[in-house]
Amino acid sequence: MAILDRLNGMITNLHYELSGAHLDYWEHVIELREIINQVFSYNLELYDLTRNNPDGDVSCRDTAFEANIGAILRVSQLCFDLAEAYAGLLPILEGTGIADQHLADKDGRPTYADRKLVEVRDFLIDLFRTTIARYLVAGRQVQEAAETYVETDFANAADIEVFNRTMAEWEEMGVGPPEVGFDPETHATETERPPPGWGPAYRREDGSAVMQPGNSIPVVDSGEYAVQGESDEE
């Protein structure tokens, strides 16, 4: 009888430990979600690159300017290079999906924390795709702008020579938009913040997470995209 009592106590203590570990897991998932959701969009989604507009800023279209074709094409090349670098990281995130089958409670079904963790992972994947897409769209737009410029009467022989030489070098080196497996134009469009399905996190007055609705933590920008460097004092 004493052995059974001791075994029962050990099982009960293990149950409490597992419950505590699950709560810690849930807390960490919520904390991760909040950290991501409180980063300004210009840091997460390249809105700073396109002046907080996924279609870019065309307000200066009718403004007189001078063009440095070499510098313009260098910007385009860097955009393609960065898109390719991010595209190389995307499979790492997507590869974590193999672990989804192991995110389950004792009954074999995902817990609330498991579902929220998958939401965070899927959001990050979408975020990477958006970043890649905006670099690709920006790179293509800059390249097209250079091409359009050299076809105008403003371009001189030197501009045309630089453009043609650079295009030949790109072809030789394989410079250009990488194949990413999705439509950049679709993923470069404006994103929704907070992401769909991400309701506010609920916490007690002491800051600890709770399973039932309570006081919500506000999202930093809630869809109002701030430009880097701006502040309320300016």
Side-chain angles (χ1 to χ4, degrees), residues 21-50 52-55 79-139 177-203 208-214 216-226:
H22 175 72
L23 181 59
D24 288 341
Y25 166 48
W26 189 87
E27 291 259 9
H28 287 312
V29 171
I30 294 300
E31 181 181 5
L32 175 61
R33 191 183 72 169
E34 289 179 359
I35 290 173
I36 295 171
N37 212 28
Q38 292 184 32
V39 177
F40 275 117
S41 296
Y42 60 69
N43 284 331
L44 283 178
E45 299 157 298
L46 295 184
Y47 269 83
D48 199 42
L49 177 69
T50 52
N52 286 11
N53 184 332
D55 296 321
C79 287
F80 293 147
D81 289 346
L82 287 166
E84 187 172 15
Y86 273 98
L89 296 174
L90 188 57
I92 298 176
L93 280 174
E94 294 175 331
T96 62
I98 195 173
D100 288 1
Q101 59 184 320
H102 302 294
L103 296 176
D105 203 351
K106 57 181 179 296
D107 58 3
R109 293 182 298 178
T111 65
Y112 178 84
D114 293 331
R115 296 194 301 272
K116 293 306 167 184
L117 181 61
V118 171
E119 283 182 11
V120 171
R121 190 271 317 283
D122 291 345
F123 171 63
L124 289 175
I125 289 176
D126 285 340
L127 197 62
F128 269 60
R129 288 176 179 166
T130 298
T131 301
I132 294 165
R134 288 183 179 161
Y135 272 127
L136 287 175
V137 170
E179 179 57 47
V180 293
F182 57 84
D183 179 20
E185 296 290 343
T186 298
H187 286 272
T189 56
E190 187 169 357
T191 53
E192 182 177 350
R193 293 287 305 278
W198 275 27
Y202 299 106
R203 293 187 173 275
S208 59
V210 295
M211 298 300 290
Q212 299 298 325
S216 62
I217 303 296
V219 178
V220 165
D221 59 24
S222 301
E224 296 296 328
Y225 298 99

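The first residue of the sequence shown is numbered 1, and numbering continues consecutively from there. Owing to the predicted nature of the structure, the values given are computational and were not obtained by experimental measurement.
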At what distance, to the nearest 0.5 angstrom, does CZ of Phe123 lie from OG1 of Thr130?
8.5 Å

Listed by chain and number, what are the side-chain contact (heavy atoms from CB on, under 4.5 Å) partners of Ala87, not counting sequence neighbours?
Ile132, Val180

Between Arg121 and Leu93 the two heavy atoms that sit nearest each other are CD-O, 3.7 Å

pair Lys116-Val120: side-chain heavy atoms closer than 4.5 Å
no

Any chance you could lay out the side-chain hydrogen bond (donor to acceptor under 3.5 Å, both in side chains) test for Tyr135 and Asp81, step after step, and finish with the verdict?
CA-CA 9 Å; Tyr135 272 127; Asp81 289 346; over 6 Å; no

Polar side-chain atom of Asp114 near backbone of Thr111 as donor-acceptor pair, under 3.5 Å
yes

Closest approach of Cys79 to Ala138 (non-hydrogen atoms, all atoms of both residues)
SG-CB, 4.1 Å

Glu31 side, atom CD; Asp24 side, atom CG - distance, nearest 0.5 Å:
11.0 Å

Heavy-atom closest pair, residues Arg115 and Pro110
NH1-O, 3.4 Å

For the CG atom of Asp126 and the OG1 atom of Thr131, what is their distance to the nearest 0.5 Å?
10.5 Å

Is there a side-chain contact between Val29 and Tyr112, using heavy atoms and a 4.5 Å cut-off?
no

With rounding to the nearest 0.5 angstrom, report the CG to CD1 distance, Leu124 to Ile92.
12.5 Å

If I compare all heavy atoms of Leu90 with all of Phe182, which pair ends up nearest, and what's the gap?
CD2-CE2, 4.2 Å

For the NE2 atom of His102 and the CG atom of Asp100, what is their distance to the nearest 0.5 Å?
9.5 Å

Which heavy atom of Leu136 sits nearest a heavy atom of Pro184, and at what distance?
CD1-CG, 3.7 Å

